[in-house]
Amino acid sequence: MTWGSATLLPLPVLVPLVSAGLTLALHRHPRAQRVISVVALSVVVATAGVLVGLADHGPVVAVIGDWTVPVGINLVADRLSALMLLVSSIVLLCVLLYSMAQGVADGSDDVGLVGDGDRATPDEGDADEADRRDVLPVAIYHPTFLVLAAGVANAFLAGDLFNLYVGFEVLLAASYVLLTLGGTGDRIRAGSVYVVVALVSSLVFLTAVGLAYAATGTVNLAQLAERLPDVDPAVRLSIQLLLLLGFGIKAAIFPLSAWLPDSYPTAPAPVTAVFAGLLTKVGVYAILRTQTLLFPSTGPGASRVDQVLLVLALLTMVVGILGAVAQDDIKRLLSFTLVSHIGYLIFGIALAGSASTAAAIFYVVHHITVQTALFLVVGLIERRGGTTSLDRLGGLARVAPGLAILFFVPAMNLAGIPPLSGFLGKVGLLEAGVRDGTPLAWVLVVGSVVTSLLTLYALVKAWNKAFWQQIPDEIAAGDVGEARLPRGMVAATSALVVGSLALTVLAGPVYGYAQRAADALTDGHSYVDAVFPGGGSLGVGDSAVEDPAVKTGEVGH
């Protein structure tokens, strides 16, 4: 592979993987682990920033090794994947800094992985066991976190279905470990459910990959886009439904979302934050990529699964937000809002137009940032108040006014209060629904407004109970929580909150980028032409692409 813009593409995957190996080898040197992890994710952020600029002029494609497209592995960064990579890497870096600050505040040289609810003083006979629970997991936290980052990057950049599957499996394997760190009973039970659900979704996805290869002779996304229209409609529909089922479980679309509210709240605050912000969005990304590229709603081979997706989007919104309204624990409340707002993203995808897709892309960037920030704030609330139960919290606005502001800003953003980015994204989706004009689209418009109002109600209820109701005696007396929150944790959380506000200030350029990404997605030709610059994909029996750009490993811009 020659040096050039395409040379940057493997870095977001290779740098975290190599760094994971280094941090694992240096498990007895936590300070070195911290330095390596921060440097690795900083490199990924910088690389993603460059790719965002490059991809705005056309997709960047890299062919790995000596195998030519479509036999070998190819990585593709178009506007969508580059933007998702940049946002996800920034979030991962902020969460890493938060977790390291938590570990330092807890008197450890490494990350803090035992939540405030788990830090109760053990009986004397259990002291050794508690120490082992705290010490053993942290040695593998950095390697696992970096492997998760590599899996996320690989999923976003994958140019074929099987490599996308590999990316999912890498990040899911890392998430199994992160979810159960600390070894408490609740985490093991939640992790068991999560593992079973993830394995089922992976099995469905792998089945779809096998069926796609059997029907077309390829798993390359660009080549699939050209061959699937010629496949028998029943087979093509089966492939589409299997992919949607596999991705729908990962994205937590109703009725495949019941596992999420029970799994996420048991994990430590940094782990919950990165799961809420990123893992479901990788599933949404996969749905967006395959629906626009492989199963377009217009042209040859068009499918009408969109109507089903619209119904599922509505049910995801409504059921998720009704679950949030009923919660008295702030972690579970946010977990249900997470499910609910996935419905907005599926709404934009299902409308299958350039405007709706642009609104969905903008909204996913907003939601990753805001949802992660909110879960980090909840970690601070738990640390200050000693609990996440809204019935046992109160008066935090008096004892921690800065914490009140940190919660209020992203909460109002998630609820869609103007002129914040959540409002702008929802307005884009509502406009697209009104422009569509079908009865089902109008039902989604009404459902979106109702969901937004109920989100506001649920978050205002949490705000009032946690910050304004009568302060409990134990909090006032300082018997629970900490009087002073660690600066590093507050700084990392503040960075994401400021980032969400920056997304509002820079909404014009970001939305413009999202619109250009949507235009390219709905057209589809730029992606295929970048992967096959010679003007078409290979036939079933062909084994090479006679194009100099592909042979050298650098195509696109």
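From a predicted model like this one, the values you see are computed outputs, not experimental measurements. Sequential numbering from 1 along the given sequence is applied to the chain's residues. Reckoned from all heavy atoms, side chains included, excluding hydrogens, waters and symmetry mates.
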(request) Any chance you could lay out the side chain to side chain donor-acceptor pair (under 3.5 Å) test for S175 and Y194, step after step, and finish with the verdict? (result) CA-CA 9 Å; S175 67; Y194 180 80; 3.0 Å; yes

(request) Kindly indicate whether the side chain of L221, heavy atoms from C-beta on, has any atom under 4.5 Å from the side chain of Y527. (result) yes

(request) For V44 and S89, work out which heavy atoms get closest and say how close. (result) CG1-CB, 3.7 Å

(request) Kindly compute the distance separating OG (S19) from CG (L14), expressed to the nearest 0.5 Å. (result) 10.0 Å

(request) Quick one: pull up OG1 in T369 and CG in N413 and give me the separation to the nearest 0.5 Å. (result) 9.0 Å

(message) Using 0.5 Å steps for rounding, measure from the CG atom of L171 to the OG atom of S88.
(response) 10.5 Å

(request) Would you check, one step at a time, whether the test side chain to side chain donor-acceptor pair (under 3.5 Å) holds for D436 with T438? (result) CA-CA 6 Å; D436 184 88; T438 62; 2.7 Å; yes

(message) List the residues meeting side chain to side chain donor-acceptor pair (under 3.5 Å) with S238, not counting sequence neighbours, and say none if there are none.
(response) none

(request) Could you tell me whether the side chain of Y513 and the main chain of V52 form a donor-acceptor pair under 3.5 Å? (result) yes

(request) Give a yes or no answer on whether the side chain of Y285 reaches the backbone of F156 with a donor-acceptor pair at less than 3.5 Å. (result) yes

(message) Side chains of L92 and F145, heavy atoms from C-beta outward: is any pair under 4.5 Å?
(response) yes

(request) Side-chain contact test, heavy atoms from C-beta onward, threshold under 4.5 Å: evaluate it for L312 versus P255 and give yes or no. (result) yes

(request) Can you measure from CG (L260) to CZ (F254) and round to the nearest 0.5 angstrom? (result) 14.0 Å

(request) Check whether any side-chain N or O of T337 sits under 3.5 Å from a backbone N or O of L334 as a donor-acceptor pair, and report yes or no. (result) yes

(message) If I compare all heavy atoms of R236 with all of P229, which pair ends up nearest, and what's the gap?
(response) NH1-O, 3.5 Å

(request) Considering only NZ, NE, NH1 and NH2 on the basic side and carboxylate oxygens on the acidic side, decide whether R79 and D519 come within less than 4.0 Å. (result) no

(message) Checking L164 against F247 for the side chain to side chain contact (heavy atoms under 4.5 Å, CB included) test, could you report, in this order, the C-alpha distance in whole Å, the side-chain angles of both residues, the deciding distance, and whether it holds?
(response) CA-CA 11 Å; L164 178 60; F247 299 149; 4.0 Å; yes

(request) Check whether any side-chain N or O of S421 sits under 3.5 Å from a backbone N or O of T504 as a donor-acceptor pair, and report yes or no. (result) no

(message) Taking T23's backbone N and O only, do any of them form a donor-acceptor pair with Q33's side chain (distance below 3.5 Å, no angle check)?
(response) yes

(request) Could you please spell out the steps behind the side chain to side chain contact (heavy atoms under 4.5 Å, CB included) verdict for L51 and L86? (result) CA-CA 8 Å; L51 288 175; L86 176 61; over 6 Å; no

(request) Would you check if V219 and Y165 make a side-chain contact, meaning some heavy-atom pair closer than 4.5 Å? (result) no

(request) Give the ring-plane orientation class for H341 versus Y344, where under 30° counts as parallel, over 60° as perpendicular and anything between as tilted. (result) tilted

(request) Spell out, as yes or no, whether a donor-acceptor pair under 3.5 Å connects the side chain of T280 to the backbone of A251. (result) no

(message) Looking at L54, is its backbone amide N or carbonyl O close enough to the side chain of H57 to form a donor-acceptor pair, meaning the two atoms are under 3.5 Å apart?
(response) no

(request) Please report the closest heavy-atom contact between I368 and K281, naming both atoms and the distance. (result) CG1-CG, 3.4 Å

(message) Tell me if a side-chain donor or acceptor on D78 pairs with a main-chain N or O of S81 at a distance below 3.5 Å.
(response) yes

(request) Search all heavy atoms of L314 against all heavy atoms of V443 and return the closest pair with its distance. (result) CD2-CG1, 3.6 Å

(request) Measure the shortest side-chain to side-chain distance between K250 and V197 over non-hydrogen atoms and say whether it is less than 4.5 angstrom. (result) no

(request) Write down the atom of P12, the atom of L85, and the distance for their closest heavy-atom approach. (result) CG-CD2, 3.7 Å

(request) Nearest 0.5 Å please: distance from the CD atom of Q223 over to the CG atom of L228. (result) 10.5 Å

(message) side chain to side chain contact (heavy atoms under 4.5 Å, CB included), that's the test. Do R289 and L521 meet it? Break it down for me.
(response) CA-CA 8 Å; R289 174 67 70 191; L521 287 173; 3.5 Å; yes

(message) Counting only heavy atoms from other residues, nucleotides and ligands, does the tally under 6.0 Å from CZ of F162 exceed 12?
(response) no

(message) Can you give me the closest heavy-atom contact between V370 and S500, atom names plus distance?
(response) CG2-CB, 3.9 Å

(request) Apply the test side chain to side chain contact (heavy atoms under 4.5 Å, CB included) to residues L199 and Y176: give CA-CA distance (whole Å), side-chain angles for both, the deciding distance (0.1 Å), then the verdict. (result) CA-CA 11 Å; L199 288 177; Y176 302 154; 4.0 Å; yes

Solution key, residues 204-211 side-chain donor-acceptor pairs under 3.5 Å, sequence neighbours excluded:
| unit_1 | atom_1 | unit_2 | atom_2 | d |
| --- | --- | --- | --- | --- |
| T207 | OG1 | L203 | O | 2.8 |

(message) Please report the interatomic distance CG(L430) to CH2(W442), rounded to the nearest 0.5 Å.
(response) 9.5 Å

(request) Sequence neighbours left out, what pairs pass side-chain hydrogen bond (donor to acceptor under 3.5 Å, both in side chains) with at least one residue falling in residues 37-49? (result) S37-H142

(message) Could you tell me if the side chain of Q291 sits less than 4.5 Å from the side chain of L309, heavy atoms only?
(response) yes

(message) Checking side chain to side chain contact (heavy atoms under 4.5 Å, CB included) between Q240 and each of V235, L245, V305, which is the one that passes?
(response) V305

(request) Taking the side chain as every heavy atom from C-beta outward, state whether T372 and Y98 have any pair of such atoms under 4.5 Å apart. (result) no

(message) What I'd like to find out is whether the side chain of V170 reaches to under 4.5 Å of the side chain of N154, using heavy atoms alone.
(response) no

